[in-house]
Structure formats: C-alpha cells, structure tokens
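Below: the structure, in structure tokens.
To find a chain, count down the sequence lines: A is the first, B the second, and so on, and within it residues start at 1. Everything numeric in this text was worked out from a predicted model, so none of it was measured.
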There are 2 protein chains.
Amino acid sequence: MAVRFSSALENIKGSDLGPLLKLTAQPEVISFAGGLPAPQTFPVQELLKIQEEVLREDGTGALQYGPSRGYQTLRELIAARMNKLLGTKETAEDILVTAGSQQALDILGRVFLDPGDVVVVESPSYLGAVNAFELQQPRFIEVETDEQGMVPEELERVLASEPRVKMVYVIPEFQNPTGITWTAERRQAFMDIITRYEVPVIEDNPYGELRYEGETLPSLKSMDTKDLVVYLGTFSKTFCPGMRIGWVAAADPIMAKVDLVKQGTDLATSSISQREIAAYMQGYDFDAHVRENVELYRDRRDVMLNAMREYFPAGIQWTEPQGGLFIWVTLPEHIDARELFKLCIERKVAFVPGEAFFPSSKKKNHCRLNYSSMDPERIVEGIRRMSEALKEMI
Amino acid sequence: MAVRFSSALENIKGSDLGPLLKLTAQPEVISFAGGLPAPQTFPVQELLKIQEEVLREDGTGALQYGPSRGYQTLRELIAARMNKLLGTKETAEDILVTAGSQQALDILGRVFLDPGDVVVVESPSYLGAVNAFELQQPRFIEVETDEQGMVPEELERVLASEPRVKMVYVIPEFQNPTGITWTAERRQAFMDIITRYEVPVIEDNPYGELRYEGETLPSLKSMDTKDLVVYLGTFSKTFCPGMRIGWVAAADPIMAKVDLVKQGTDLATSSISQREIAAYMQGYDFDAHVRENVELYRDRRDVMLNAMREYFPAGIQWTEPQGGLFIWVTLPEHIDARELFKLCIERKVAFVPGEAFFPSSKKKNHCRLNYSSMDPERIVEGIRRMSEALKEMI
C-alpha cells in the first residue's frame, strides 16, 4: 500500500523561502525579514504579578479544559475593546478565541473553501494567510491594489465573472506586506460591492492599533449590514505573540461553523493564557501600553525611512506606512529580489523577497522590510549595507 | 452570491450530543460524562515557582514567537521520556509539539485524508478523533475489537479489500471509550499486518502513564520497523489540560508534512507553556507526580466498579480497565442509551451515550462512564441513581 498523503499535502511543497530565511537567523545578520514585535514591549513585570494572581485565585479554571468559544471574561473584554476602537457592536457571543490570528485564518479556510474555490486577495497579500488557505487547495485571484487600497472596479469585475468566489481576504490597516492603509472612500466602495454580491469577507487586522499618525478609519466590520464580515484580531502585536492568543468576531451562521472547526482542531484555546490576558486588560492600562509600543515603532519606522532616503540609489520606490510593521520596496522591474537577497546575505543583512506575497502573479521585483525588531543603529547599518548591494545590482 | 460553506461544513451538522451534554454542566449534576482530570492533581504550587522562574530567566523567549516544531528543550525531554517509558528510540528531531493531542489528530487528518479515503478505527473509537478526521470527509471502517484489542483477522480483511485505506487510528492503552488495553500478542499481530501492508498508523496514547496495575506493554511505536507509526502524546492527563500541550512523534517524510500543516495552522505552540512544562520536568519528579495521580484515579476506579457491582441490576456488563479514565457499559441490546440518559438526567446523573463512538455502526446500547473527575462519595451516589434509572428501563 505504502504511505500516501492527501492531495493537498502531495501538492504543497513548502516555500523555498525556508532555506533562504534560515540564513537570517544567524545572530550577526541584521534581519528585516521577520515580523517579530520588539521584546522590550513585552509586559514582563506586569505578567509576573498577573500569573501569580491567576493561579492563586482561579488555578482550577486556568489549568482545566475550557469552552471552545473561549474564556467568557476575555470574550467580553474583546467585544468591548472592539466597540470602543472600531465602531462595531459586538457582544461576547460574537467572539471566539483562537491560537493567534493564524488559527483563525486556517479555520476560515476550512469553513469556506473546497478545492478549486476562489479566494480573492489584495495584490500582494499576506503570505501566512496564503499558506493557511492553500491547505484547502483553492485558486487565488489577486485584485489590483494601489496606495489607496483594493481597486473597487477590479474587485467588481472579478466578483461578476467568477462564480466560485467563496471569500475575499483583506488587511485594510497597515497591510502586510505593503504597509498600505485603505482610504475611507475605498472602504465604502468595497463594502458597497460586497453587500451587493453577498460574499464573505475576512478583515484581518493584526496591526490596527499600531497607528503612528493620522486618524483611525472605520473598520469594514462596522460598515457591515449583512453579517458578511469576519473580523480577525490578535494580541500578538500589542501584548505578546508567545501565548498565541487571537480572536474571530463573526455572527451566525458563520460563527457556528467556526466553532465546529475549532472543536475538531484543538478543543479550545489555552485557559491559562486567556485568563492572564483578561487580567491584564482589567488591571492595567492597555491603551497606555499600546501607546508605548507605538512610540517605539514610530521611531524605528522613521529611522528606516530616513536611512532609505539617505542611502538608497535612484530608481527604488517604497511605501511610507502610517502604522504597522512593514515597508514595501519596489525595485526596477528587471531586478529579481532573490538575487538581491543573495548579495545582501553576503553582507549580513536580510529581508523577505516579495514573490511569495503574490500567490498567482509571482512578481519578483519587491522586498518586504520589517522595522519593529531591530534597534535604530542596526536599522541604519542594515539599510546602508542593503544600498551597497542595490548599487551593485543596478 | 450568498454565503456558501465548504462541502465538509455543509455536511457536518455537529453532534446532537451537544444539547444533551450541556445539561451535564449544571453543578448539581453528578457527571460521569466528561473526561476531565481531577483538579487536585494540577501542580499549582510548583507552577507558581516555575512561572516566575521562566519569565525572569527567559522572558523574551517565553513571550516571543517560537519554532513550528516546538521548544528544543521540551522536545529533548519528551524524546527522553518516551524512550524511558515506551522502549522507543526517539530524538528531539522526531518530536513536534502541538496544542494538545487534539491538534495532532486534526493535523494528521489533513496530512493523509482526501474526501472518500478510508480511516480504519477500533469499534468503538474516540469521538474527538472521529470529529477531527470528519472535517476531511473520509469514510470510517470500524474493525471488530474485543477485550484483547483489535481483531487482527478483521483488520487484515479490511486492508486486503479496501484500496482507499490511508491510515489506521488506534488507542492500545486504556482506550477511550472502552478502557480496554491490547495484549502483547495482539500488538505484535497488528504490527505484523501493518508492516506487510505498509499503512500509516496513529497510535494515540493519552492515558498510557495512568496504569493502576499490571505491567506496561511495548508500544506500537517501539515495534515499528518501517516508520509507519505516528505516536501522539499529551500532558493533559498527567500535568494539566488548560495549557493545551501535546506532541507528535514521527519520522520523515510524515514529520515534514506534519510540520507544514502546523505552520499553516497556528505557526507554533505557546512558547511560555512549553517552557513551563520543560522547567517542571527538569526541576521536579514527574514520575512521582504521575504516581500520585495514579493513586487517586485507581481509588476512584475501584469505588465506581464496586458501586456498579453493588447497585447495577443483572444483565448489564462493563469493562474493568487497568488504567485510564473510562469504564464502558454494555446494556441489553434493546436498550437505547439515550433513553437511559433522559431518565438519568432527571435524577441529576449523566454519562455519554455510546452511539457517537461508533462512526459507522452507531450501536446504541452502550454508555461511557468517567471516574476521574468526581470524588468517591459522588461516584457512589451517581451509580446508585443510575441503577435506579436502569431498573426502571429493564
């Protein structure tokens, strides 16, 4: 008989980025490749107190199995925070706690997609979402996305012509990989089309709280009149990623399906970590904590942008994000970012070549740069080294 | 367009057990329905020290993203413990840490199964595994299983006649739901057939360390000469379930596929919980802790078996497990355990009707009883009430 895998696993070979990115883990490499939050933002001192409190006051609850939808108190806190920041009207019943947003992406792929179904994404889109959805063997259609967001006419053209579209996946705030934020007009135009075609939308918002300037814009979820928007949030970028806590906000019937998959997938999310985050939100000033992160990351973004302006040769373009963790670089069209990567890694500096963020078009002349995880001196030095490699290639 | 779900999610309606089992959550109900470990076994005092140590000594590692295969120290400790207890020859490279065994079941379903593929299971089998695999829309074939384990001739008959068998799922130690342990002879006969047919086996062993009497028997994994056995372990029954930490032990090429799905599913398991369990295994006597759990559960098993002998009417049969958490009751064939459940819940006592553990044959005359989570007085009183309901039905 011999071992035979599922067709998805026979087909998916795993990214060939893996071996490249392994090189970036060497400590002497200045890496703009990851998307790691800065460890100094982790609230270690507060957690020392909270962990003890949670175990002393509710040790049995913290260590026992919990409900698949999540710890009730945390669900209430999440709903309240969403309503305060995003103009939504969620209740705890609309919230299901997941092992980071990544699990939510995976669950939603399973809720909506059969092999050959279409997922509509921004062009480019988030690699981790593409990887999660790919396990369901869908077809990806990239919709043209400019500096204002997804182009509505292009979206409508796809929805009108592709009957197998099952969901649209977008990151309207400080997108990964581009750092682009959709304008209010684009959001409205997008939701008008979505409402007309009645297609489910995944609004992934891991970076929304990390806004360094400008006004917060209405979330797609707040503009949703037909329960089509499934909102994904996470504590990975505002608290810490190591606990793996995120959430889905959705209404029935979608939520009932999400819950069913969640039960099959891992029964429930960590009882203890959910209680610790709830205790933090109740006992400390979460907004003030986020503001500190914002200060730190704004500074790093500015350092990187200034260094790029100073060192990068002519002919290179990049985004200037108002928040989030990433800058997106566009190279002259004839340059393959993988070739640039090789020159960079010789100089001990790394980034993610953009190709993997284009699930169908596979454009080669882009780089994603992360500025959150390196300190300012290393950022300047890394950009200087990168610019040497760029000059060598051009 | 309207919202359309994947075919798996259109087909799976969720167990109709749900509403029944909700009734069991009322505090006045004596519930033999769950599979919860006793909270007094949770090492709260030790964890109070460990949590602080982990955060103080490795706060950044504990709160940052970690590798998809898991925390290296924990993987080494798991491999060493498996080799000590199970006669295996694992290294850290063979171990991937999951969010409980449930996630491992889910990942393996995705690694092996396309819709219509066959999963071979014991008859009956574990409901949670059936639920996880069902998301891949397989066909389940139950193989006759008696008090010695899966019947080899029946297994061979299935493998010889069913070309779409992709994996065999078994729990050879203190099975859920029956409590049955396979004999050494049956294990050997099973592995002889498996080796001949070269079909992957999932050996799920959540209860193996909870042996109340008799000798530990060789694991299937230790008898595997062709890298066909994927072993699943968990800390949920020996440490605590609230952290959601389990593991897969497998060799390539299966492990490479498991890793790929793990990355798409949730990137990695909780960095902080993995470090805490590793610190416990290094700083405390895990064997002594397990022995305490064994004492407690052996006593509860004996209390339940004695009460059943005293109160249950003639015509009822049950297993006498050497370990684990469950006793399996066989009612006269004409009795539907769901009807019995209704009479029992009126008397404020609950169990799981057996039907859900038979994914294809749906036999109705069985009950699963859990003895780990109720104290001895409640066990006796619960069995007394159940016997009243039984007498009313017979």
Worked verdict on B:L96 versus B:K262 for side chain to side chain contact (heavy atoms under 4.5 Å, CB included)
CA-CA 9 Å; B:L96 181 143; B:K262 175 69 181 171; 4.0 Å; yes
Which region of B:Q263, side chain (C-beta onward) or backbone (N, CA, C, O), has a non-hydrogen atom less than 4.5 Å from a non-hydrogen atom of chain A, or is it both or neither?
backbone
Which bit of B:A62 is near chain A, if near means a heavy-atom gap under 4.5 Å: side chain, backbone, both or neither?
backbone
Going by atom types only, do B:D117 and B:Q137 share a side-chain donor-acceptor pair under 3.5 Å?
no
Return yes if a side-chain donor-acceptor contact under 3.5 Å exists between A:Y126 and A:D204, otherwise no.
no
Name the option with the most non-hydrogen atom pairs under 4.5 Å to chain B; the candidates are [options].
{"options": "A:L63, A:D106, A:D114", "answer": "A:L63"}
{"options": "A:G61, A:G242, A:S236, A:P37", "answer": "A:G242"}
{"options": "A:Q40, A:R110, A:R56, A:M243", "answer": "A:R110"}
{"options": "A:S273, A:G128, A:A268", "answer": "A:A268"}
{"options": "A:P253, A:G66, A:G59, A:G100", "answer": "A:P253"}
{"options": "A:T265, A:L36, A:I272, A:D266", "answer": "A:T265"}

For each of [options], tally heavy-atom pairs with chain A at distances under 4.5 Å, and name the one with the top tally.
{"options": "B:T60, B:V130, B:V111, B:I245", "answer": "B:V111"}
{"options": "B:Q103, B:R244, B:Q274", "answer": "B:R244"}
{"options": "B:D259, B:L135, B:V44", "answer": "B:L135"}
{"options": "B:P241, B:G246, B:S270, B:C240", "answer": "B:P241"}
{"options": "B:S101, B:S6, B:A8, B:G264", "answer": "B:S6"}

A:R275 side-chain N/O to A:S271 backbone N/O, donor-acceptor pair under 3.5 Å
yes
Is there a donor-acceptor pair closer than 3.5 Å between any side-chain N or O of A:H289 and the backbone N or O of A:T238?
yes
Residue part contacting chain B, namely of [X], when any heavy atom lies under 4.5 Å:
{"X": "A:T269", "result": "backbone"}
{"X": "A:A104", "result": "neither"}
{"X": "A:L113", "result": "backbone"}
{"X": "A:I254", "result": "both"}
{"X": "A:E276", "result": "side chain"}
{"X": "A:I12", "result": "both"}

Between A:F112 and A:K166, is there a cation-pi geometry (under 6.0 Å to ring centre, at most 45° from the normal)?
no
Side chains of B:I141 and B:E162, heavy atoms from C-beta outward: is any pair under 4.5 Å?
yes
When you compare the side chain of B:T98 with that of B:V248, does any pair of heavy atoms fall below 4.5 Å?
yes
Where do A:E10 and A:R4 land on the salt bridge (charged side-chain N to carboxylate O under 4.0 Å, His left out) test, with the steps shown first?
CA-CA 8 Å; A:E10 290 288 3; A:R4 292 163 300 156; over 6 Å; no
Flag if over 12 foreign heavy atoms under 6.0 Å of NZ, A:K49
no
Check the pair A:D192 / A:T195 against side chain to side chain donor-acceptor pair (under 3.5 Å), numbers first and verdict last.
CA-CA 5 Å; A:D192 288 347; A:T195 307; 5.6 Å; no
Let me see the working for B:F133 and B:L105 under side chain to side chain contact (heavy atoms under 4.5 Å, CB included), right down to the final yes or no.
CA-CA 7 Å; B:F133 301 152; B:L105 293 169; 3.9 Å; yes
